[in-house]
Protein chains: 2
Amino acid sequence: MPKDTFHNLPEEKKEKITNAFLREFAIHPYDKASLSSVVKSLGIAKGSVYQYFDDKLDLFTYLIEECSAVKMKYVGQLKRENFNDFWGYFRSLYSEGVKFDLENPLESHFLHSLADNLNSPSVKGLYDEMLTNIIAGFEQMAKHEVELGLFRDDIPIKTIGFILYKNGRAINEQMEVTGHINPKESIKKGKPVYEGKVDQLMETVDNYIKILQRALDKEST
Amino acid sequence: MPKDTFHNLPEEKKEKITNAFLREFAIHPYDKASLSSVVKSLGIAKGSVYQYFDDKLDLFTYLIEECSAVKMKYVGQLKRENFNDFWGYFRSLYSEGVKFDLENPLESHFLHSLADNLNSPSVKGLYDEMLTNIIAGFEQMAKHEVELGLFRDDIPIKTIGFILYKNGRAINEQMEVTGHINPKESIKKGKPVYEGKVDQLMETVDNYIKILQRALDKEST
DNA sequence: GATTGATGTGACTACCCAGTCATATTATGG
DNA sequence: CCATAATATGACTGGGTAGTCACATCAATC
């Protein structure tokens with residue numbers, strides 16, 4: 001948790017500091033991200049950082065929580081019950097996700113780059129916890145659909161949930177592998193990852209949905 | 001490329017050195033892996049490593065090539081044409097993969113851990129190149145099946161290939177997330193990752209195949 | 001205006017690493 | 001048996017880092 005000193009800061013300075021660190025962590029994996037270099041570019045003293053946060057991990061944790069909260073403002077309002085089927089809901093998660101990206105490029109970059117940190121032993125615990133929650137979320141969704149009789153019931157729910165999670169991520173990764181998006185470049189330019197690429201993304205999303213739908217929907221025999 | 005000095009080494013010493021480094025890189029991501037600590041545990045001088053290899057990356061590249069070659073002895077012999085459908089082939093990739101793991105735990109560990117290195121900027125180039133090849137391989141497979149009229153043709157081949165790749169990896173990851181396997185633990189104990197877990201793995205493989213089959217096979221209308 | 005508590009500072013510590021190189025040891029073969 | 005080439009060595013260089021702490025500065029309250 002950030003110390004009081006940080007919260008007492010004028011909003012403007014707080015944001016400047018937050019943004020600088022978001023940028024650093026978005027570009028470099030946790031262990032390579034250098035507080036020293038950020039404070040230099042910010043023109044503040046190294047010691048100040050430790051006036052605001054307990055340590056590097058505390059700072060990192062704070063950034064994750066901040067960004068997650070912002071993203072939640074977008075996708076958190078979506079409710080399954082407002083959609084006819086799971087796939088409409090699934091699709092909206094992406095369209096809202098893009099909106100989040102376009103309006104909060106830095107936060108979006110940072111959250112994206114989190115996946116690159118899965119290995120850094122220093123943040124493994126933090127990352128694993130996040131992951132467990134997300135996967136549990138997908139598992140819940142799967143369970144719900146199976147109970148509604150909309151998803152097939154011959155596959156363990158754990159597997160269905162995991163496949164939803166993994167293929168959801170695969171969409172973004174495919175966009176990157178095929179060169180449609182280039183997150184690292186976008187960060188440097190300070191532009192949203194999906195700027196001008198929304199149509200391509202949604203097209204890919206629709207392809208994945210076509211596939212997942214046939215894979216997971218209960219056969220209407 | 002390793003220098004002549006390395007090749008001139010007695011096979012026994014060569015293997016001892018190789019294994020020690022495999023272990024180190026399997027446990028720690030590239031940038032955290034410490035040559036200093038390995039040479040200490042090996043009881044050789046730091047300078048010797050640089051008698052054998054150009055630098056850390058050269059050593060790492062050598063290890064990748066060695067391990068890939070060993071794994072290829074297992075999965076490389078499998079040919080699509082010896083199977084009735086793609087899924088028999090796909091399944092065999094796993095059963096052979098497990099055989100490789102059981103008979104070469106260290107090499108298997110190392111190759112597994114490669115995925116954790118995707119972020120280390122120092123090896124990004126190397127890793128991306130590998131990935132591009134693997135994905136291209138899956139794309140080829142997908143293309144072949146579509147041409148045979150066995151896979152659906154309403155989805156871009158790039159997407160089908162990528163989904164095959166991603167879901168293939170998802171199988172291993174799910175085994176880890178659900179706690180059936182614990183690679184890091186296994187390394188420390190020097191035991192194969194899948195020891196005693198082969199049945200669970202193949203069960204999961206079969207579930208994934210059930211799903212992918214319905215997702216990708218041409219509908220037999 | 002003075003006293004006190006909160007905030008800012010940056011040189012410094014303690015640590016780690018890859019890679020070097022002059023020197024020492026060991027093998028080779030003439 | 002000696003000379004030369006090949007190999008082994010480890011202290012050292014130069015570079016990086018997170019985190020600390022005694023001190024300076026600023027703000028607020030009495």
Side-chain angles (χ1 to χ4, degrees), chain A residues 1-18 20-25 27-63 117 119-126, chain B residues 1-18 20-25 27-63 117 119-126:
Chain A
M1 280 192 325
K3 304 183 183 172
D4 288 341
T5 321
F6 182 66
H7 292 302
N8 294 341
L9 247 37
E11 204 58 40
E12 197 196 331
K13 188 171 185 185
K14 225 160 81 173
E15 209 174 298
K16 223 172 114 185
I17 292 175
T18 306
F21 282 112
L22 279 179
R23 206 163 180 282
E24 176 72 6
F25 283 116
I27 296 174
H28 304 105
Y30 181 83
D31 288 306
K32 287 254 165 155
S34 158
L35 306 193
S36 310
S37 110
V38 174
V39 294
K40 204 181 339 177
S41 87
L42 272 172
I44 66 171
K46 185 101 163 270
S48 294
V49 175
Y50 291 86
Q51 214 75 282
Y52 306 146
F53 301 94
D54 289 333
D55 51 27
K56 196 180 182 182
L57 194 61
D58 184 37
L59 162 59
F60 192 68
T61 311
Y62 167 74
L63 295 177
N117 279 311
N119 65 329
S120 297
S122 340
V123 290
K124 183 97 169 86
L126 202 59
Chain B
M1 281 189 324
K3 303 183 183 172
D4 289 340
T5 321
F6 182 66
H7 292 303
N8 293 341
L9 248 37
E11 204 57 40
E12 198 196 331
K13 189 172 184 186
K14 225 159 79 176
E15 209 174 299
K16 223 174 115 185
I17 292 174
T18 306
F21 281 112
L22 279 179
R23 207 164 179 282
E24 177 72 5
F25 282 116
I27 297 174
H28 305 104
Y30 181 83
D31 289 306
K32 285 253 168 158
S34 157
L35 305 192
S36 310
S37 110
V38 175
V39 295
K40 206 185 331 180
S41 87
L42 272 172
I44 66 171
K46 185 102 164 268
S48 295
V49 175
Y50 291 87
Q51 215 75 282
Y52 305 147
F53 301 94
D54 289 332
D55 51 27
K56 196 180 183 181
L57 194 62
D58 184 37
L59 162 59
F60 192 69
T61 311
Y62 166 75
L63 295 176
N117 279 310
N119 66 329
S120 298
S122 340
V123 291
K124 183 99 169 85
L126 202 59

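Convention: sequence-line order gives letters A, B, ...; per-chain numbering from 1. The figures that follow rest on heavy atoms only: side chains count, while hydrogens, waters and symmetry mates do not. Everything numeric in this text was worked out from a predicted model, so none of it was measured.
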J.: Hey, does A:T5 reach any base, or is it just sugar-phosphate, or nothing, if we go heavy atoms under 4.0 Å?
T.: sugar-phosphate
J.: Less than 4.5 Å apart, any side-chain heavy atom of B:Y52 and any of B:K14?
T.: no
J.: With side chains defined as the heavy atoms from C-beta onward, is the minimum distance between A:V38 and A:V49 less than 4.5 Å?
T.: no
J.: Got a donor-acceptor pair under 3.5 Å from the side chain of B:K56 to the base of C:dG19?
T.: no
J.: C:dA18 phosphate, OP1 or OP2: any side-chain N/O from B:S36 under 4.0 angstrom?
T.: yes
J.: Test B:N117 against B:L126 for side-chain contact (heavy atoms from CB on, under 4.5 Å), laying out the working first.
T.: CA-CA 10 Å; B:N117 279 310; B:L126 202 59; over 6 Å; no
J.: With respect to the phosphate group of D:dG16, does any side-chain polar atom (N or O) of A:S34 fall under 4.0 Å of OP1 or OP2?
T.: no
J.: Using a heavy-atom cut-off of 4.0 Å across all strands, would you classify A:D31 as base, sugar-phosphate, or nothing?
T.: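 Counting heavy atoms under 4.0 Å across all strands, no contact is made by A:D31.
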J.: To the nearest Å, give me how far apart NZ (A:K46) and C1' (C:dT7) are.
T.: 18 Å
J.: Need one value for A:F53: base, sugar-phosphate or nothing, where a base atom within 4.0 Å counts as base even if backbone is also close, heavy atoms only.
T.: nothing
J.: Applying a 4.0 Å non-hydrogen cut-off, can you work out what A:K32 is touching in the nucleic acid: base, sugar-phosphate, or nothing?
T.: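 A:K32: no heavy atom of the nucleic acid under 4.0 Å.
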J.: Side chain of A:Y50, heavy atoms from C-beta onward: which of C:dT9, C:dT20, D:dA18 has the nearest atom to it?
T.: D:dA18
J.: Let me know which of A:F6, A:F21, A:F25 forms a ring pair (Phe, Tyr, Trp, His ring centres under 6.0 Å) with A:Y62.
T.: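 Exactly one pass, corresponding to A:F6.
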J.: In whole Å, I'd like the distance from the NZ atom of A:K3 to the C1' atom of D:dG19.
T.: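 Distance check: A:K3 NZ to D:dG19 C1' gives 11 Å.
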J.: Does A:K13 have a side-chain nitrogen or oxygen under 4.0 Å from the phosphate oxygens OP1 or OP2 of C:dG8?
T.: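 It does, given that an N or O in the side chain of A:K13 lies less than 4.0 Å from OP1 or OP2 of C:dG8.
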